[in-house]
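Proteins get letters first, then strands, A, B, ... in listed order; numbering begins at 1 in each.
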Amino acid sequence: MSKLFNLSALEAFEKLPLQLRNFFTRYPPAPFRKYASEQTLANAPDANPFIPNRHPVTGKVQEPVYSLRRQSDLYKLAYKFGIADLMPTMRNNKKFYAEKYENKALLKGVLSPKGHKWERTYDERKQRISDAVAKAEEVIVEAKGSKYKKRIERKELERKTWF
Amino acid sequence: MSKRYTGVLERLPQHFRDFFMRRADQSQIPAFRSQGKYIPEEKRYTRPEQWKVLEGDRVMFVKGPNKGKIGKVLGLQPFTNSIYTDIAETEPLAVPRQLWQEDQNEYLIDYPKTVSPDDVRVVATLVREDGTEYDIAAEDVIFKGKYFDEDYKKMMPIRRVKYHEHIIIPWPRPDPAEDCVFSTPPEVAEERSHVENSILQFEQPADFTIQSLRDPIMKRPYKWDKQVLKKGDITKLTAPGIPYSETKKAMFEERRQIRESQITEMSAEVMEFIGSRVAEHLNNVTDPNFKQYVDKVSGQYRKQKLARREKEKQLLDLQIKEAEKRNKRVTRASAQ
């Protein structure tokens with residue numbers, strides 16, 4: 001496919017939606033201005049407009065300048081124009097698209113599934129059964145008496161082997 | 001019938017009301033029977049916007065045996081919301097001798113049937129650039145704007161063709177009212193007979209006292225005597241509020257500082273930096289749908305769209321103005 005645009009920097013800037021242009025006018029991107037990724041005072045020079053900051057005098061936490069919805073809108077718009085990395089860090093370190101997918105924490109249930117009860121008690125039950133089988137003869141002897149014990153011993157002696 | 005009985009009739013449900021009206025009709029001789037369906041007073045047409053046509057209008061019939069013919073409105077029949085036209089079906093009607101017209105010599109006459117204004121279309125005459133005239137029948141008319149009509153002596157709505165609002169259909173000229181011996185000429189009626197010298201001194205005698213010019217035994221208060229406070233009155237009546245506290249003043253100051261510290265203009269190098277990044281991205285685009293999207297959301301496009309809309313609006317205004325002028329010319333020519 002042929003390429004559809006052949007734009008200079010200024011022409012390309014004209015293609016940006018007004019919403020994004022206004023945002024970058026107020027908050028110039030990274031090399032011109034740095035933004036904190038943590039909560040700061042609201043009047044700090046590196047205050048992040050996406051994060052709830054503290055009031056310098058009262059110390060109360062203020063709502064972020066851009067709400068979660070508006071910052072998401074801006075980010076997605078910037079992503080379409082290839083300048084998403086120029087945006088400040090979002091609230092709660094929010095990510096979108098591939099980046100979000102890659103950084104996603106696995107669910108607890110996926111990491112260690114609970115399983116059915118028969119699955120959870122399987123090993124324990126098998127152990128109990130094998131133990132019981134191992135000492136089955138002792139139990140039978142106890143119940144049936146010394147005559148049975150002697151028979152077992154005789155069988156042991158009479159067992160035929162190939163050697 | 002007195003209000004005592006008709007009042008009861010109005011409170012009855014519709015089917016009962018119809019039944020009683022039919023009963024009343026049956027007891028009458030045919031000449032006195034009401035034509036068409038009875039329409040209660042509150043649903044009768046009173047304004048020209050409701051009628052859409054007035055006496056003297058040319059109309060085209062779209063229903064009935066006269067469908068397609070062009071006739072003239074002779075009058076309005078308010079109690080059935082219908083109109084009399086010069087081309088109309090007739091039905092024989094027996095008229096008692098007391099009601100005979102001057103040249104009538106038999107009981108049976110052909111009485112014209114009325115038509116609903118919904119079954120006719122207003123016909124208007126327009127003029128082409130070269131001066132030739134042609135007729136149009138308006139599918140529907142709408143009303144936008146008002147003007148004072150010298151002949152009707154009242155404000156009349158401007159009648160326009162629906163979806164072609166620049167075409168104005170002027171109202172027909174009413175028959176001039178003839179003055180009788182008791183009529184007052186307009187210059188006498190408009191003459192000012194009293195001029196006040198001062199607004200501080202009253203000219204009536206000191207012992208003259210009157211509460212109101214209205215009927216003292218009237219039950220309801222007069223509807224225009226509304227006690228309405230205007231904006232200025234409210235300002236005067238409102239006590240001054242508590243002055244702003246120091247905290248609030250500090251807040252205002254802080255707001256001002258924030259507003260001032262905000263960057264309103266983007267510097268050229270930031271623009272260059274962002275633009276180069278965007279150009280790098282967009283110049284690799286091969287999807288035509290994405291190109292269309294970019295062109296639609298761009299700030300440029302929005303500005304152009306607003307400018308285009310403004311231009312279209314101006315053009316439409318101009319068209320309407322021209323049509324108004326043209327129609328005025330036609331009405332003037334037809335009057336002469």
> Atom CG in A:L7, atom CD in B:E280: separation rounded to 0.5 Å?
Replying inline: 12.5 Å
> When rounded to the nearest 0.5 angstrom, what is the spacing between OG in B:S276 and CD1 in A:I83?
Replying inline: 10.0 Å
> Counting heavy atoms not belonging to B:R256, are there more than 12 under 6.0 Å from its CZ?
Replying inline: yes
> Heavy-atom distance under 4.5 Å between the side chains of B:T286 and A:L4, does that happen here?
Replying inline: no
> Is any side-chain heavy atom of A:F24 closer than 4.5 Å to a side-chain heavy atom of B:M271?
Replying inline: no
>> Between A:N6 and B:N283 (side chain of the first, backbone of the second, donor and acceptor by atom type, cut-off under 3.5 Å), is there such a pair?
In response: no
>> Working to the nearest 0.5 angstrom, can you tell me the gap between B:R302 CZ and A:L18 CG?
In response: 6.0 Å
>> So which residue, A:A42, A:A78, A:S2, ends up with the most heavy-atom pairs under 4.5 Å with chain B?
In response: A:S2
> Under a 4.5 Å heavy-atom cut-off, does chain A meet the side chain of B:Y293, its backbone, both or neither?
Replying inline: side chain
>> How about CD on A:E142, more than 12 heavy atoms from neighbouring residues, nucleotides or ligands closer than 6.0 Å, or not?
In response: no
>> Between B:E272 and chain A, with a heavy-atom cut-off of 4.5 Å, which part of the residue counts as in contact: side chain, backbone, both or neither?
In response: both
> Looking at A:R26, A:Q19, A:E11, which makes the most heavy-atom pairs under 4.5 Å with chain B?
Replying inline: A:R26
>> Please rank A:P29, A:P56, A:P28 by heavy-atom pairs under 4.5 Å with chain B and give me the top one.
In response: A:P29
>> Within the supplied structure, the quantity of interest is the number of heavy atoms (other residues, nucleotides, ligands) at a distance under 6.0 Å from A:R159 CZ; does it exceed 12?
In response: no
> Taking side chain as C-beta onward, heavy atoms only, is A:K15 less than 4.5 Å from B:D295?
Replying inline: yes
> Where does B:Q257 contact chain A at under 4.5 Å (heavy atoms): side chain, backbone, both or neither?
Replying inline: neither
>> The test is side chain to side chain contact (heavy atoms under 4.5 Å, CB included); show your working for B:V285 and A:K3 and say whether it passes.
In response: CA-CA 6 Å; B:V285 166; A:K3 287 173 181 174; over 6 Å; no
> How far apart are the closest heavy atoms of B:R277 and A:L86, and which atoms are they?
Replying inline: NH1-CD2, 3.3 Å
> Minimum heavy-atom separation for A:K80 to B:F290, with atom names?
Replying inline: O-CZ, 3.2 Å
> Considering all heavy atoms of both residues, which atom of A:F5 and which atom of B:K291 are nearest to each other, and what is their separation?
Replying inline: CZ-CG, 3.5 Å
>> Taking CD in A:Q62 as the centre, count heavy atoms belonging to other residues, nucleotides or ligands within less than 6.0 Å. Is the count above 12?
In response: yes
> With a 4.5 angstrom heavy-atom cut-off, which part of A:L16 approaches chain B: side chain, backbone, both or neither?
Replying inline: both
> For A:P31, is it the side chain, the backbone, both, or neither that has a heavy atom closer than 4.5 Å to a heavy atom of chain B?
Replying inline: side chain
>> Heavy-atom count check: over 12 atoms from other residues, nucleotides or ligands less than 6.0 Å from A:K94 NZ?
In response: yes
>> For B:E265, I'd like to know if atom CD has over 12 heavy atoms of other residues, nucleotides or ligands within 6.0 Å.
In response: no
> Is the number of heavy atoms from other residues, nucleotides or ligands under 6.0 Å of B:Q292 CD greater than 12?
Replying inline: no
> Parallel, tilted or perpendicular: which fits the ring planes of B:F273 and A:F32, with parallel below 30° and perpendicular above 60°?
Replying inline: perpendicular
>> Within the structure provided, determine whether A:F81 and B:V297 are in side-chain contact (heavy-atom separation under 4.5 Å).
In response: yes
> Given that the side chain runs from C-beta out, which part of A:L77 has a heavy atom under 4.5 Å from chain B: side chain, backbone, both or neither?
Replying inline: side chain
> Where do A:R21 and B:G299 come nearest, in terms of heavy atoms and distance?
Replying inline: NH2-CA, 3.4 Å
> Which atom names give the shortest non-hydrogen contact between B:V278 and A:A12, and what distance separates them?
Replying inline: CG1-O, 3.7 Å
> For B:A279 and A:S8, which heavy atoms make the closest approach, and how far apart are they?
Replying inline: CB-O, 4.0 Å
>> Can you confirm whether B:R255 is buried at CZ, in the sense that more than 12 heavy atoms of other residues, nucleotides or ligands lie under 6.0 Å from that atom?
In response: no
> Between B:T264, B:I258, B:I274, which residue shows the highest count of heavy-atom pairs closer than 4.5 Å to chain A?
Replying inline: B:I274
>> Contact between B:I263 and A:R33 at the side-chain level, heavy atoms closer than 4.5 Å - yes or no?
In response: yes
